[in-house]
Each structure stands twice: as structure tokens, then as C-alpha cells.
Amino acid sequence: MLSKRIMYPILAGIVLALVLASCGSDDPADTATPVPPSSESELVGILGSLSLDVPDSALPEGIEASAIRSQVLNVFELSENVERALGDDFVLSVVRLEPEGVEFSEPVTITITVRSENDAQLRVFLVSTQGVEELAGFDTEFDDTRGIIVATGEITHFSDLVVSKPRADETAKEFVERGKAKVARLEAKAEGITFSKERAAFYKEAVDCGFALELEGLARFPGSPDLPRLGGNAYNGARNLNLYAEFMTEDFDFLFANEPDPFAGFTLLQERLELTFEVHKKWLSGAYDERLAPRLGRNDLGETTALVEWGDAITQQIVLDILNEENIDVANELREQLTDIVAYLFTQGASGAFDERVVHGYRTWERLLGSVGINFFGTIGPAPSEDTSDDTTVADPTPTPAPTQTPTPTPTPMPTTTTEGTPILIDMSVRHTAPGSFSEVDVTITAAAGKPVVATLSLAATPTGGALMSGTTDVLGALTLSWIITSFGEYNVAGTVDGISFSCSGTVGEPAGQFASCEVTP
């Protein structure tokens, strides 16, 4: 009596990847959903289909036909002994046949169909805890019309099935398709993650893997027309590089917004800018589609915004810490640290790597560059030398803002005194930079170019010991001196422009803007 035979076509659903150290490794727990037996068979990727011809008499006692299943596994779950057995082969797929470990009472026929452009010799392995078993006696047939290889053989038990192909038999087109599948797996991992930093890491891995594939392809298939053009975005390098930058930027923005320590915030800013330079360096390599490249010096990655806004928040907080610090030694140490930070910000802003339209329009930290080395009302360090230009200092080191006042602004007169035939114009205004914490008093001088200016800001109630400032008018004859103040009240400024005296006086309150009258004395 003939035994009943059951055919199980099992769609193997491709896991396609080359074990490249340069492409990193995948999460070994990442496995496909179990695929039940199907009545249809179709080619998918390189490993197209896998089917079993199981005689009813071969099923062991207690195993139903419906229990036979397959599950596509991650190719990077292979152990070292499997990789040694594969030698220089690359893996087409790894499939878990279930119930795992089942022993058949007679051989079961297995048919494997794979896509291939040439008549390559497939190798089939069964992998279990007992070891690696290469299956012999497989008959293969190459169909060049359909571009497939059909391999048929027998197995006697279920475990993990590994199908490989000699690397030497791989064509350039197959290599490219495998590479695209590898990158697509990394992209899928990234898209399934919520946290920006972890998501960015997978996009970064996809970028590096794609670049490694570009180099390997050029080395293995020199001159092949089937290789993509370098910089043609074959492995989504340009897209993934931009996504890497985007999600890393989101992570830095979140960390900075939740970081109360200005020095830790400064470290984050440095790392944020290093990320920008790293991304631009990759773009300059020529390996990515330049049409998608961010423009250096145009704030396309938000680097200028970070430099200005983060730098402003960091320096303002440190200034407040200095003003609130009663220990002179600690205040001096903070001042030195602020000096280094402001110098870094200023150097970066002048490097040409940032959008000058943004950098030069908003520079509280640049004005602070002079303040950290000058007299905080005689309590911290010496007064500045006269070659200090466009500096900022702080009047009244104790942050005790008076109740808000609303004075009537007094228009600034236009003096007629001249130096070398050029009128000297003086304007005094206030900016509430950090309302409730501190404001800035600006005195803008317009005269002939290259003229020395010396001025002192003082509270009317304490006219002695004012904060001294000095500078030189620029090529256009302009100079702005800025002081940081921490309380409302009546302020006076007295100074000279090329030896010609001027003075201003007024009450700081609300609103900001002009608040004082100025006059020049011949």
C-alpha cells in the first residue's frame, strides 16, 4: 500500500546579508515571525522558496502535519563554528525548521530555490547544538531563462538550515542587491525605535555600511557596469547621513534643554558642533549625492543657531553665578572658565563655518569676552588696560533688582563738537537681556575713525568706583561700550573721545531703549 505523501511549500522570506565587519552586526534577537506552510510558492529575494516532501509514514509519533513550520532567522546568529564551516562563503539565508529537533523515521525530501545569475554551487548545512552538518548529495539545476538554481536533497531531522554560496560565484549585481538588503535592514531597525540617539546610531551604521560596500564593490568588481556610481546614493547613504544628523541633533537639543549646569551644557555644545563637522567631513568625501548635501556655513544643520543661542544661555548663566558668588577665589575661577568659553565661541563664530547672518547679529557672548577680565566693581581682578575694545563689564555685583519703574524716555541730543571735522555723537540705551536677572547698558560713540575712547559707568548714588571701559572707534568711526547691570536706578557715564569729554545720565527702568541724555563738552 502506498503511503500518503504531504508536500509543504514553505515561503522562506529572505534574510539577505554579507557578513562584513565594516557593516557591524545586527541584534541577534531580531527574528522574523514564524511562517506557516503555504499552498503557494514564489521567489522572494535571493532565497526564493523552500519546500518539503514529507511522507506520512515519516512523521514520528505525536507530531501532526500541521506542526511543521519555518522561521527566518538573523544571519548574524550564526556561531563561530558555523562561520568556520562556511569558509569564504556568504550566507543566503538561515531558516529554522520546526518542530526543532524532530527526527523522521525516513528521509524527507527538501527543495531549495534561489535566484542566481550563474550556475553556482550551493552549500546546505544543518546546525544544531550537536554541531554543523553539511548535507551532501544535493542535485542542482540552473535555469538561465528564469535566473534560478533549484537544489534538491534529503534530510532526516529538523534544525537550523543554512544556505550559502561561494563568494567567488557572486556577481556584481548580486553583490549590490545584497548590500541594499543589508542597509534596508538597518533602516528598518532605525524606524522602529523611538529614542533619537538610538535611532541615529542605526542610521549611522547604515551610512558606514553603505560606504564599506561601495569600497568593497570597487575592489572586487573593478570596472563592472553593474556597480553603482560612487556618490550616486545606491545604498541610501545621503538620505541616511541626513537622518543621522537630524536625530542626533534632536537628542542634543533635548539634553541641552534639560541641563541646568552651564559647564555641562558647554560640553554638549562642543559635542554638538563636532557632530556638525563630522557630517560635513563625510559629505566632502564625495561618497554621497551632493545634491542632498547641507551647505557649510549656511546653518543647514542648525549649527549656527546652537552656537549663538546655546552660547548665549551658557555665558549668561555663568555671569549670574559670578555675580552671586561671595567667595572671591571661586568667582575668579569662574571668570577664568568663562574666558575660555567665550574665546571658544568667538573663535568658532569667526571660523567661516557658521552663518554670518546669524552669528554677527546676536552676540551677547562676544560682548562678555571683555567682561571676564575686568573689574567687577573692584571685587574681582584688576581693571582692563586701555587697549581693550568693545568690552562689557558689570556694575553692582549684587543682583538686587529694584521694583520696576517706567521712566519717560529722554531723546538723546546730537552734539556738534567735532574731532578732525567729524561730529561726535553719543547715544545711551538699555537692553533687558535677561529680565529679572540683568540688563545691559550700551553707550554708542560715533566720531572719526581710530579715536581712543575711555568711559566709566556708575550709579548716581555711588559715583566712586565706577566700571571703567575703553576702546577705539572702528574704520567707520563707531564704537559701542556695554556694561552689565543688575538693578534699576539712576546711572551716569563720564568719558572722553580723543580727549574731548562727554557725559550721559538717566534712569534705568522699563521699557528698554533710550533712557538718558548725553552731552559733549569741548
Side-chain angles (χ1 to χ4, degrees), residues 262 308-324 334-335 338-339 341-342 345-346 349 359-377 379-380 383-384 388-402 404-407 409-410 412 426-446 453-460 466-471 478-495 504-518:
V308 172
E309 295 184 0
W310 295 17
D312 184 58
I314 291 165
T315 53
Q316 287 186 23
Q317 182 58 53
I318 297 175
V319 166
L320 288 177
D321 290 345
I322 293 172
L323 296 175
N324 290 320
L334 289 173
R335 182 190 60 186
L338 181 59
T339 302
I341 290 174
V342 174
L345 297 173
F346 184 82
V359 170
H360 295 302
Y362 192 77
R363 274 189 174 168
T364 300
W365 41 265
E366 182 182 4
R367 292 192 298 273
L368 289 172
L369 183 60
S371 73
V372 294
I374 59 179
N375 189 349
F376 288 92
F377 249 64
T379 61
I380 305 177
T388 303
S389 61
D390 195 17
D391 288 343
T392 308
T393 191
V394 178
D396 186 3
T398 305
T400 53
T404 300
Q405 305 173 29
T406 308
T410 304
T412 302
I426 310 294
D427 173 79
M428 187 173 176
S429 60
V430 64
R431 291 175 292 113
H432 297 313
T433 310
S437 297
F438 66 85
S439 301
E440 292 180 75
V441 172
D442 295 333
V443 172
T444 300
I445 300 97
T446 303
V453 179
V454 178
T456 301
L457 173 74
S458 61
L459 282 164
L468 178 67
M469 297 280 297
S470 63
L479 172 67
T480 297
L481 304 177
S482 299
W483 291 264
I484 291 177
I485 61 173
T486 58
S487 65
F488 292 143
E490 191 120 5
Y491 285 87
N492 297 325
V493 170
C504 303
S505 62
T507 302
V508 176
E510 295 285 357
Q514 288 185 341
F515 71 97
S517 60
C518 300

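This chain uses plain numbering: 1 for the first residue, then up along the sequence.
- Here the closest non-hydrogen pair linking S505 and A516 is O-CB, 3.0 Å.
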TODO: Determine, step by step, whether W483 and E440 satisfy the side-chain contact (heavy atoms from CB on, under 4.5 Å) criterion, reporting the C-alpha distance in whole Å, the side-chain angles of both residues, the deciding distance to 0.1 Å, and the verdict.
DONE: CA-CA 5 Å; W483 291 264; E440 292 180 75; over 6 Å; no

Task: side-chain contact (heavy atoms from CB on, under 4.5 Å) assessment of T507 paired with F488 - done: CA-CA 7 Å; T507 302; F488 292 143; over 6 Å; no

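- Residues L479 and T444 have side chains not in contact (no heavy-atom distance under 4.5 Å, counting atoms from C-beta outward).
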- [ ] Carefully, step by step, assess T480 and V443 under the rule side-chain contact (heavy atoms from CB on, under 4.5 Å).
- [x] CA-CA 6 Å; T480 297; V443 172; over 6 Å; no

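- Considering only residues two or more places apart in sequence or on other chains, T446 meets the side-chain contact (heavy atoms from CB on, under 4.5 Å) condition with L425.
- Side-chain contact between D321 and P262 is present, with heavy atoms from C-beta onward closer than 4.5 Å.
- In this structure, CD1 on I341 lies 8.5 Å from OG1 on T315, to the nearest 0.5 angstrom.
- Looking at heavy atoms from C-beta onward, S517 lies out of side-chain contact with M428 at the 4.5 angstrom threshold.
- Here the side chain of D312 pairs no donor or acceptor atom with the backbone of V308 at under 3.5 angstrom.
- Looking at every heavy atom in both residues, S482 comes nearest to R431 through OG-NH2, 4.1 Å.
- Looking only at side-chain heavy atoms (C-beta outward), I426 and C504 come within less than 4.5 Å of each other.
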Open item on the list: Determine whether V493 and T456 satisfy the following criterion, side-chain contact (heavy atoms from CB on, under 4.5 Å), listing intermediate values before the conclusion.
Closed with: CA-CA 5 Å; V493 170; T456 301; over 6 Å; no

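- Heavy-atom minimum distance, V508 versus Y491: CG2-CD1, 3.5 Å.
- When side chains are defined from C-beta on, N492 does not count as touching L457, because their heavy atoms never get closer than 4.5 Å.
- Considering CG of D427 and CD1 of I445, their distance stands at 9.5 Å, rounded to 0.5 Å.
- Counting only heavy atoms from C-beta outward, the side chains of L481 and D442 never approach each other to under 4.5 Å.
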